[in-house]
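Some notes on the structure that comes next.
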Number of protein chains: 2
Amino acid sequence: MPDLLPLLGDEPSERSDAARNRAALLAAGRDLVAHCGTEAVTMEAVAERAGVGKGTVFRRFGTREGLMAAVLDADEREWQAAVISGPPPLGPGAEPWERLVAFGRSRLVTTLTHADLIRAAGGFGSRSQPAHAFTVLHLRHLLRELGVTGDLPMLATALLAPLEVPLLDAAVRAEDYPVERVLASWLDLARRITAG
Amino acid sequence: MPDLLPLLGDEPSERSDAARNRAALLAAGRDLVAHCGTEAVTMEAVAERAGVGKGTVFRRFGTREGLMAAVLDADEREWQAAVISGPPPLGPGAEPWERLVAFGRSRLVTTLTHADLIRAAGGFGSRSQPAHAFTVLHLRHLLRELGVTGDLPMLATALLAPLEVPLLDAAVRAEDYPVERVLASWLDLARRITAG
DNA sequence: GGGCCAAACGGACCGCGGTCCGTTTCTATT
DNA sequence: AATAGAAACGGACCGCGGTCCGTTTGGCCC
């Protein structure tokens, strides 16, 4: 019986060896990033560490950016869990504005922490990543709860932009602004948007 | 007499052959972009077209991104001239809000037109480009004239972000929003910021 | 003009991302 | 258990960005 529910699972269901290799490659990528930095993450190095051929890496992840995005995704999922079901004020249960403040600080820190990885994953390009979509959606949700009216998708995107790697880098690293100042001005921007 | 005003001109003054090659390479790059698209702009192709060695291209522009940035810069200078001394409402002479509207529409169109080139020049990274600095500075100027108070550098940067390639691409190309809608929501964002 | 030296040049060379295709391995079916 | 065909594999191969270093050239001083 090839597939009991061919239309429900949707995922074409990976072959067992393929799944095993995906896991091994992901682990190899994660380890390389952690121990040697993103620079050291060569497709050949990942392949060797995972004990597979180079072609397999490309088959599974398409490009280097794809691999990096997959590695990043694992980290992002943790954050998503904290937002969906973690303790307030980041998780549910706090007032919307409190959640927004926590959201901003949390994104700011996470993004700076993973800056290299995010850049290697295509950064601001390839923004169809599920991870980014989730973030935008959640911010939209918070804005709606705060009573914001107007073009919510656009407003959420615009409010998220200053928390992206290039702008954060420019402010914190190039201009040497302290993180608290960046966060304060981001909150000021959020206030202006919600005040409408 | 080696240098009459060694401390004024500041520029280390290029040797004549170097200057000639820089011009030839820039022209070759511009032509290749115009006729064959940014994809075709290979360092070797540019070198050959300019009649120099590959090493020279790297000596002059450092990296491919550097070369692209230099090509882009030529276009940007035109736009800067229009802002500084062109006819209103983009140039001086109109009310600040009118100038802001013209600024937004103009940036939007220019950015979409040059999207490929901007991406090839490093896009949102390498944002220390003089071209970008000028844009931010001008926007700050307009915001100040509109009576905006607060962290002007940050507000200007934040307001500019939705007009950058990745966000514009996502809205106009991926989401298929009409340009007018994007512009309208950008103006809404600007209004919220100026309303403070 | 001749000679000196810093600056510029050019192209062989390297490493990595990405492709291609002949070979191997899984799995559904009998 | 045998088999067939699709899917996955692996590594040789290619093109391009970037480096290196021996050679050439332009500019200043005598």
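Below, chain A is the first sequence line, B the second, and so on; all start at residue 1.
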All side chain to side chain donor-acceptor pair (under 3.5 Å) counterparts of A:Arg20, not counting sequence neighbours: none

Summary of protein contacts for nucleotides 6-16 of chain C, nucleotide by nucleotide, where a base hit scores B, a sugar-phosphate-only hit scores S (4.0 Å, heavy atoms): BBBBBB----S

Length of the CZ-C1' vector between A:Phe61 and C:dG17, whole Å: 16 Å

Sequence neighbours excluded - side chain to side chain donor-acceptor pair (under 3.5 Å) pairs with any residue from residues 61-86 of chain A: A:Asp73-A:Arg77, A:Glu76-A:Arg107, A:Trp79-A:Ser106

Atom pair distance, as rounded to whole Å: CD in A:Glu65 and C1' in C:dG17: 11 Å

Sequence neighbours excluded, every pair satisfying side chain to side chain donor-acceptor pair (under 3.5 Å) that has a member inside residues 171-190 of chain A: A:Arg105-A:Glu180, A:Asp169-A:Arg173, A:Arg181-B:Asp151, A:Asp188-A:Arg191, A:Asp188-A:Arg192

Under the ring pair (Phe, Tyr, Trp, His ring centres under 6.0 Å) test, residues paired with B:His138 that sit two or more places apart: B:Phe103

Distance, rounded to the nearest Å, where A:Glu39 contributes CD and C:dG17 contributes P: 10 Å

For B:Arg144, side chain to side chain donor-acceptor pair (under 3.5 Å) partners two or more places apart: none

Value rounded to 0.5 Å, distance of CZ in B:Arg15 from CG in B:Asn21: 10.0 Å

OP1 or OP2 of D:dG27 under 4.0 Å from side-chain N/O of B:Ser16: yes

